[in-house]
Amino acid sequence: MQQKIRFQIEGMTCQACASRIEKVLNKKDFVELAGVNFASEEAQVTFDDSKISAADIVKIIEKTGYGAKEKTEDALPQPEETAHVSWRLWLLFAINVPFLIGMAGMMIGKHDWMIPPVWQFALASVVQLWLVIPFYKSAWASIKGGLANMDVLVTIGTVSIYLYSVYMLFFSPHAAHGMAHVYFEVGVMVIGFVSLGKFLEHRTKKSSLNSLGLLLKLTPTQVNVQRNGEWKQLPIDQVQIGDLIRANHGERIAADGIIESGSGWADESHLTGESNPEEKKAGGKVLAGALITEGSVVYRATQLGSQTLLGDMMNALSEAQGSKAPIARVADKAAAVFVPTVVGIALLTFIATWLIKGDWTLALMHAVAVLVIACPCALGLATPAAIMVGMGKAVKHGIWFKDAAAMEEAAHVDAVVLDKTGTLTEGRPQVAAVYCVPDSGFDEDALYRIAAAVEQNAAHPLARAIVSAAQTRSLEIPAAQNAQTVVGAGIAAEVEGVGLVKAGKAEFAELTLPKFSDGIWEIASVVAVSVNGKPIGAFALADALKADTAEAIGRLKKHGIDVYIMSGDNQGTVEYVAKQLGIAHAFGNMSPRDKAAEVQKLKAAGKTVAMVGDGINDAPALAAANVSFAMKGGVDVAEHTASATLMQHSVNQLADALSVSRATLKNIKQNLFFAFFYNILGIPLAALGFLNPVIAGAAMAASSVSVLGNALRLKRVKID
């Protein structure tokens with residue numbers, strides 16, 4: 001049986017490491033697919049668990065030279081520890097200080113600021129023979145695994161400079177005369193800059209890029225729980241399903257549950273993206289992480305931890321952030337040959353410079369600069385860094401993408417197919433128009449009162465809509481007796497003080513409707529009313545548009561996206577809704593198969609299609625579309641089929657999803673351009689001698705941090 005498990009990977013230093021693990025795993029016949037994300041430091045492996053276990057996969061990864069640990073779905077993702085400057089890095093900084101002072105002096109002609117060569121040798125030896133051991137271990141593990149990583153480049157370059165300087169200091173003919181040219185400061189400072197860059201990169205990946213830390217803070221660590229009739233402050237891990245929990249103003253809900261008593265307002269924007277608080281009363285639901293902005297509630301816990309909607313979202317986000325976008329293949333292919341290519345360029349630089357300049361010292365410096373300036377890290381981080389931030393931004397707006405591929409595909413969408421009922425409309429009938437028969441003696445309020453008196457005895461959605469409308473008007477509804485339902489026609493009852501009232505089809509109430517100028521009467525469901533055999537009026541009931549639907553359609557059209565309505569409702573109703581929204585393409589009387597076939601036609605015409613729906617009848621079209629969106633709370637098959645879930649039943653949230661996707665893809669392309677441009681420009685400059693190794697080391701460290709910084713800009717991008 002196929003099983004998909006995520007593993008936390010330790011020890012990766014660049015994209016080449018991730019590519020190596022992927023290559024090893026994907027060669028195994030029991031592995032269907034393996035993907036390794038350098039930014040999230042995570043592997044997602046789909047394998048046949050009848051042939052191998054998760055523990056065996058951990059051993060395979062460890063044999064490639066990296067640590068691995070299975071991530072379980074039962075528990076919530078754990079918060080990352082804050083990255084602190086290690087003692088090794090502090091010591092490295094301290095050793096760099098005298099060399100920095102010396103180099104500053106050399107730049108202004110104060111050569112005596114540099115410490116004596118013997119002291120340079122002593123400090124450089126501490127760095128090269130001790131502090132740099134993690135680089136050696138990583139480089140050796142990478143070489144043993146059959147793929148060279150960034151640490152191989154740094155190791156070759158700094159060891160070459162160190163050995164050269166040792167030779168010049170102790171064994172060259174110039175050494176005895178104190179005229180040896182040594183470059184210990186180059187190796188020390190390159191190691192210093194690269195180590196600083198690695199630390200900043202690690203800290204950014206673990207904190208700023210990932211939104212999970214912010215979500216984890218939404219769950220309180222201590223809660224008020226009722227035990228044995230007394231309220232006690234207990235840690236969250238001691239709460240059990242069925243416990244009564246109290247949340248006061250300013251506190252967060254600890255578990256999904258049902259309110260037993262109290263009332264208040266709760267901010268659930270962390271899940272839905274909706275900023276307006278929702279009123280909570282006895283019998284209503286509360287969700288873990290919600291903030292009580294007003295009032296106090298006592299609720300009974302029904303779901304805890306990873307089983308809550310918040311926990312489900314966190315696990316979904318963690319998995320989605322760890323997935324890989326198709327565009328990442330560009331960087332993967334480059335990273336696979338990057339290090340060997342750079343080593344070859346460095347070797348050619350050394351030979352060419354020696355032959356042309358006749359100075360093998362200068363040739364060595366140019367070659368080392370080439371090794372140090374090259375940065376596969378920036379390439380490896382370009383796509384996953386942007387995906388992690390983009391996924392977090394999407395979740396903040398109530399959008400759950402299943403994986404990075406879905407987000408990338410959503411960025412290309414140029415055609416959107418919308419179901420009508422429950423997507424564009426509220427999904428329940430409402431009174432859209434009222435007609436009172438002239439000279440009947442009954443005004444609009446009287447018509448509502450009489451109709452509601454009869455319809456409150458019926459269970460039909462149209463009946464409930466009329467009763468609800470009368471209650472909204474605060475009308476006093478009279479009593480009705482001897483209610484009788486006529487199947488397929490309507491309902492009749494004796495209404496106190498009025499007489500025999502019939503409500504139902506026009507012919508049942510003996511009403512002939514006049515010709516209306518308002519088109520709603522042509523597509524709406526009509527409920528006619530008569531009193532003692534004389535018609536007095538009628539209601540036109542229709543499924544009302546959601547309040548923000550028109551705005552959402554406008555946003556989609558603004559970006560050149562063609563909008564289509566496909567519905568099982570009759571063509572007249574669908575065309576009426578389309579006319580209200582300014583949608584040119586409206587298809588009614590469509591079966592699930594018809595919808596899927598039409599989506600395939602659009603794709604065949606070159607369109608990238610997004611489908612939005614929430615019902616079982618939408619599932620075939622959702623599966624046929626390039627990318628699909630289901631409304632949360634709809635049927636399970638729709639959510640399972642869809643590429644993403646919208647927490648609000650709103651097309652506006654679809655527009656948000658496409659906007660976030662476009663911004664993320666744009667950011668990825670910027671990152672890839674910067675990473676390729678940096679190496680394409682930097683390597684030739686280093687080979688020609690325009691960059692010394694120290695500057696190259698600093699630039700290499702800055703390149704990764706720059707890519708991460710650009711990815712973080714996504715957090716501030718406005719959604720349009």
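Given the structure is predicted, the values throughout are model-derived calculations rather than measurements.
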On a heavy-atom basis, the closest approach of E62 and G67 is CG-CA, 4.5 Å
Between the CG atom in L92 and the CE atom in M189, the distance rounded to the nearest 0.5 Å is 11.0 Å
Can M647 and W400 be said to form a side-chain contact (heavy atoms from CB on, under 4.5 Å), step by step? CA-CA 8 Å; M647 296 304 293; W400 299 9; 3.7 Å; yes
Next item on the list: Using a cut-off of 6.0 Å, state whether more than 12 heavy atoms not belonging to K28 lie near its atom NZ.
Entry: no
| request: Report yes if the side chains of L665 and K669 come closer than 4.5 Å at any heavy-atom pair, otherwise no. | output: yes
Residue pair V372 / V154, side-chain heavy-atom distance below 4.5 Å
no
Give the C-alpha distance, both sets of side-chain angles, the deciding distance and a yes or no for side chain to side chain donor-acceptor pair (under 3.5 Å) between H559 and R662. CA-CA 11 Å; H559 288 283; R662 287 192 297 269; 3.2 Å; yes
d(Y678 OH, S706 OG) to nearest 0.5 Å is 9.0 Å
What one should report as the nearest heavy-atom pair of A369 and A696 is O-CB, 3.8 Å
>> Using modelled atom types and a 3.5 Å cut-off, is there a donor and acceptor pairing between side-chain atoms of N671 and backbone atoms of N710?
In response: no
ask   = Can you say whether the rings of F677 and F673 are parallel (under 30°), tilted (30 to 60°) or perpendicular (over 60°)?
value = parallel
Short side-chain to backbone donor-acceptor contact, Q3 and T46, under 3.5 Å: no
| query | Is T155 close to W140 at the side-chain level, that is, under 4.5 Å between some pair of heavy atoms? | reply | no
Give the C-alpha distance, both sets of side-chain angles, the deciding distance and a yes or no for side-chain contact (heavy atoms from CB on, under 4.5 Å) between V186 and N692. CA-CA 9 Å; V186 173; N692 66 50; over 6 Å; no
When every non-hydrogen atom of K715 is compared with those of K393, the smallest separation belongs to O-NZ, 3.3 Å
To the nearest 0.5 Å, atom CD1 of I695 lies from atom CG of L685 at 12.5 Å
Self-check item: Step-by-step side-chain contact (heavy atoms from CB on, under 4.5 Å) determination, M365 to I161
Solution: CA-CA 8 Å; M365 296 297 285; I161 287 291; 3.5 Å; yes
- Side chain of S628, backbone of L622: donor and acceptor closer than 3.5 Å? yes
Checklist line | Backbone N/O of G192 and side chain of S195: donor-acceptor pair under 3.5 Å | finding: no
Between I61 and A68 the two heavy atoms that sit nearest each other are CG2-CB, 3.7 Å
CD of E268 to CG of L310, rounded to nearest 0.5 Å, is 11.0 Å
- Message: Check whether K402 reaches the backbone of A642 with its side chain - one donor and one acceptor, N or O, closer than 3.5 Å.
- Response: yes
Shortest non-hydrogen pair, A394 vs M407, comes out as CB-CE, 4.2 Å
Are N626 and V413 side-chain neighbours, meaning at least one heavy-atom pair lies under 4.5 Å?
no
Notebook entry, point to check: Is the backbone N or O of A655 less than 3.5 Å from a side-chain atom of S659, with the two atoms forming a donor-acceptor pair by type?
Noted result: no
Between the OG1 atom in T383 and the CG atom in N667, the distance rounded to the nearest 0.5 Å is 10.0 Å
Main chain of V36, side chain of E22: is a donor-acceptor contact present, judged purely on distance under 3.5 Å? yes
Would you say the side-chain atoms of N26 pair up with the backbone N or O of A34, donor to acceptor, closer than 3.5 Å?
yes
- Is there a side-chain contact between Q2 and D49 (heavy atoms, below 4.5 Å)? no
Derivation of the side-chain contact (heavy atoms from CB on, under 4.5 Å) call for E32 and F47:
CA-CA 5 Å; E32 181 182 337; F47 63 98; over 6 Å; no
Checklist line | Close side-chain approach of I60 and I52, heavy atoms under 4.5 Å | finding: yes
| message | Treating D256 as the side-chain partner and Q303 as the backbone partner, does any N or O pair qualify as donor plus acceptor under 3.5 Å? | response | no
Given the rule in the side chain to side chain donor-acceptor pair (under 3.5 Å) test, do S138 and D151 qualify, once you have shown the distances and angles that lead to the verdict? CA-CA 6 Å; S138 173; D151 290 340; 2.7 Å; yes
The reported gap from CG in L364 to OG1 in T349 (rounded to nearest 0.5 angstrom) is 11.5 Å
Worksheet item: Taking side chain as C-beta onward, heavy atoms only, is N679 less than 4.5 Å from F338?
Response: yes
>> Are the side chains of I5 and V45 in contact, using a 4.5 Å heavy-atom criterion?
In response: no
For the side chain of S661 and the backbone of A657, is there at least one donor-acceptor N/O pair under 3.5 Å apart? yes
Heavy-atom closest pair (A385 atom, L708 atom, distance to 0.1 Å) is CB-CD2, 3.9 Å
Inset, instruction - Classify the angle between the aromatic ring planes of W87 and W130 as parallel (below 30°), tilted (30 to 60°) or perpendicular (above 60°). - result: tilted
Derivation and outcome, side chain to side chain donor-acceptor pair (under 3.5 Å), residues S53 and D56
CA-CA 5 Å; S53 67; D56 293 326; 3.0 Å; yes
Checklist line | Residue pair Q128, Y136: steps toward the side chain to side chain donor-acceptor pair (under 3.5 Å) verdict | finding: CA-CA 10 Å; Q128 210 70 48; Y136 295 156; 3.1 Å; yes
